[in-house]
Amino acid sequence: MDIHRVFAEAAVLEDGEIKRLGRIGMTRDQLNDFARTLLPTDHVVVEATGNATAVTEILAPHVARVAVANPLQVHLIAKAKIKTDAIDARVLAKLYGAGFLPEVWIPDAATLARRRQVTRRRQLVRQRVRLKSIVQSILHANLIPPCPFADLFGGKGRAWLRAQHLPDDEREAADRHVEEYDRLSEALKGVERDIARAALADANVTRLMTIPGVDMVVAVGLMAAIGRIDRFDGPDKLVAYIGLNPSVHQSGDGPAQHGRITKRGRSDARHLLVEAAWQTVRSPGPLHAFYERVRGKRGNHIAAVAVARKLAVIIWHLLTKGEDYSWVRPSLHAKKLRDLELRAGHPPRRGQKGASYDYNITQRRRDERNLAQQAEGAYQRMTSGWRRTGPRSKPTGATNEERR
């Protein structure tokens, strides 16, 4: 089935012959009617699209299997000179029948719900940023200097904004955007509350938060993208799934040439890991030493991406082995968990010394940073003698006897 927004083009492969079934409406009633015409031994193939999950849920109870194809790897469709919906459906059927269909993993219900919540939060954050940009453009168009405060929509920033001289229509527009910003902020709190409640019950999320620089947003977003860690045989598989593996070009007897990262796979997880990398390298530890070592050779941005890849490898080991990060800072982790509880709607305990109280003690924070600095120094001593080596090449103009 080659599915679209309002219809799907279907074709059947039976006894080596392709037959066109025609178009099917993309409503639940029409898909249910089509599903009842299928046999329990049938296999259905669809492409991974925005509505593929709903189509799979409707068809799966009526057939033996529903396969979801990876459209980026179906080159016969992407590179075809003559491309129609009927041809696309036939190609999918032939690839599946020959056993060459590149499939994608179908998440379970819990992972799908988490992905939807993460997407809702990301959309709300983008809408709030857009509103801020619109208000800034209004100020810029009326020759008003930049806001002297860090947050234009904060308490001091709003007071400053109200004091600026604007035309009546511009003033009304700015006020409407501020009101819409407040409405989105309340909706964002509700979504984050639901995410935090689910995260508190997930040991994998709290385990990822033992890594410095990984907070609730990053941990939940990564778990939503990863799903089950046991579907990755090794850390390199997870790195490739996120798109942080380097591209490789090799032909004949020549050496392999490694280029930039592929950027294939879960772009949302890749962005979260890069953001976490920038925060992680601000704290002492082996990852900070690794960042400095790469930064001296390749620059800041490449070093941050290298740290993101290293984080993906560490995450695979933590989730596979069920262990916390070795260089966890206990007081910082306790503070993260307390912030998670507050986001989930737990009542504040003012005047009581909770698990995160140690983070307020300067000496305790200093002692934990000293331990992390010792680990960073151990990594620097281990890598100080490393030398960059390349492929061995024979000297030109010399025979084997001369080289001996």
Side-chain angles (χ1 to χ4, degrees), residues 43 45-48 52-53 56 60 64-75 92 95-96 98-115 118 199 202-211 213-214 218-250 255-274 276-277 280 286-287 290 294 305-328:
H43 289 217
V45 183
V46 299
E47 277 190 297
T53 301
T56 302
R65 185 169 184 265
V66 178
V68 182
N70 187 341
L72 295 178
Q73 298 182 7
V74 184
H75 295 290
L92 288 176
L95 287 176
Y96 185 79
F100 292 114
L101 183 75
E103 300 183 34
V104 299
W105 176 67
I106 302 177
D108 52 46
T111 304
L112 284 174
R114 175 172 286 174
R115 287 184 177 182
V118 170
D202 192 341
N204 288 329
V205 173
T206 56
R207 178 169 292 115
L208 294 187
M209 293 174 63
T210 59
I211 305 175
V214 177
V218 176
V220 173
L222 290 175
M223 289 307 305
I226 294 172
R228 298 198 323 267
I229 193 62
D230 57 358
R231 63 193 184 97
F232 301 101
D233 297 334
D236 291 341
K237 299 290 186 180
L238 178 59
V239 170
Y241 178 72
I242 299 175
L244 289 171
N245 56 319
S247 57
V248 181
H249 301 277
Q250 193 273 338
Q257 301 292 331
H258 295 81
R260 298 183 178 182
I261 60 175
T262 60
K263 293 186 179 181
R264 290 288 186 90
R266 303 289 306 191
S267 60
D268 52 347
R270 184 168 61 252
H271 296 160
L272 287 174
L273 280 175
V274 173
T280 301
L287 289 174
F290 173 76
V294 179
V305 174
V307 173
R309 184 191 184 280
K310 187 74 70 175
L311 285 175
V313 175
I314 292 174
I315 287 171
W316 183 89
H317 285 283
L318 296 185
L319 297 178
T320 303
K321 300 176 182 178
E323 300 176 354
D324 293 342
Y325 184 60
S326 298
W327 306 109
V328 57

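These numbers come from the heavy atoms of this one structure, side chains and all, not from hydrogens, waters or symmetry mates. This one's a predicted model, so the numbers in the text were calculated from it and none came from an experiment.
Scanning for side chain to side chain donor-acceptor pair (under 3.5 Å) contacts around Arg266 gives Asp268, with sequence neighbours left out. In this view, Phe290 satisfies the ring pair (Phe, Tyr, Trp, His ring centres under 6.0 Å) rule with no residue, not counting sequence neighbours. A search for side chain to side chain donor-acceptor pair (under 3.5 Å) contacts involving Glu103 returns Arg65, not counting sequence neighbours.
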Original post:
Are Asp236 and Asn245 close enough, and set up right, to give a side chain to side chain contact (heavy atoms under 4.5 Å, CB included), and what steps lead you there?
Top reply: CA-CA 8 Å; Asp236 291 341; Asn245 56 319; over 6 Å; no
**OP:** Give the intermediate values and the outcome of side chain to side chain contact (heavy atoms under 4.5 Å, CB included) for residues Val220 and Asp202.
**Re:** CA-CA 9 Å; Val220 173; Asp202 192 341; over 6 Å; no
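Rounding to the nearest 0.5 Å places CE of Met223 at 9.5 Å from CZ of Arg207. We find the CD1-CG distance between Ile226 and Asn204 to be 9.0 Å, quoted to the nearest 0.5 Å. Going from atom CG of Leu318 over to atom OG1 of Thr320 covers 9.0 Å, rounded to the nearest 0.5 Å. Of the inter-residue distances, the one linking Arg264 atom CZ with Ile242 atom CD1 reads 16.0 Å to the nearest 0.5 angstrom. Here the straight-line distance linking atom CG of Leu319 with atom CG of Asp230 works out to 10.5 Å at 0.5 Å rounding. The structure places OG1 of Thr262 at 13.0 Å from CZ of Arg260, a figure rounded to the nearest 0.5 Å.
Within 6.0 Å of the CH2 atom in Trp327, the count of heavy atoms belonging to other residues, nucleotides or ligands does not exceed 12.
Contact of the Val205 side chain with the Arg114 side chain is registered, since non-hydrogen atoms from C-beta on lie closer than 4.5 Å. At least one side-chain heavy atom of Asp108 sits less than 4.5 Å from a side-chain heavy atom of Thr111. The closest side-chain heavy-atom distance from Leu273 to Arg270 is not below 4.5 Å. With contacts defined as side-chain heavy-atom distances shorter than 4.5 Å, the pair Val218/Ile211 does not qualify.
Shortest non-hydrogen contact noted between Gly259 and Pro246 is O-CB, 3.6 Å. The two residues Ala199 and Thr206 come nearest to each other via the heavy atoms O-CG2, 4.1 Å. Taking each heavy atom of Val313 and Pro235 in turn, the nearest pair found is CG1-CB, 3.9 Å. Across all non-hydrogen atoms, the minimal contact from Leu238 to Ala312 is CD2-O, 3.5 Å. Nearest approach of Arg231 to Ala225, heavy atoms of both residues: NH2-O, 3.6 Å. In this structure, Val294 and Ala306 approach most closely via the heavy-atom pair CG1-CB, 4.3 Å.
Distance alone, capped at 3.5 Å, places no donor-acceptor pair between the Trp105 side chain and the Gly227 backbone. With hydrogens and angles ignored, the 3.5 Å screen pairs no side-chain donor or acceptor of Tyr325 with any backbone N or O of Ile314.
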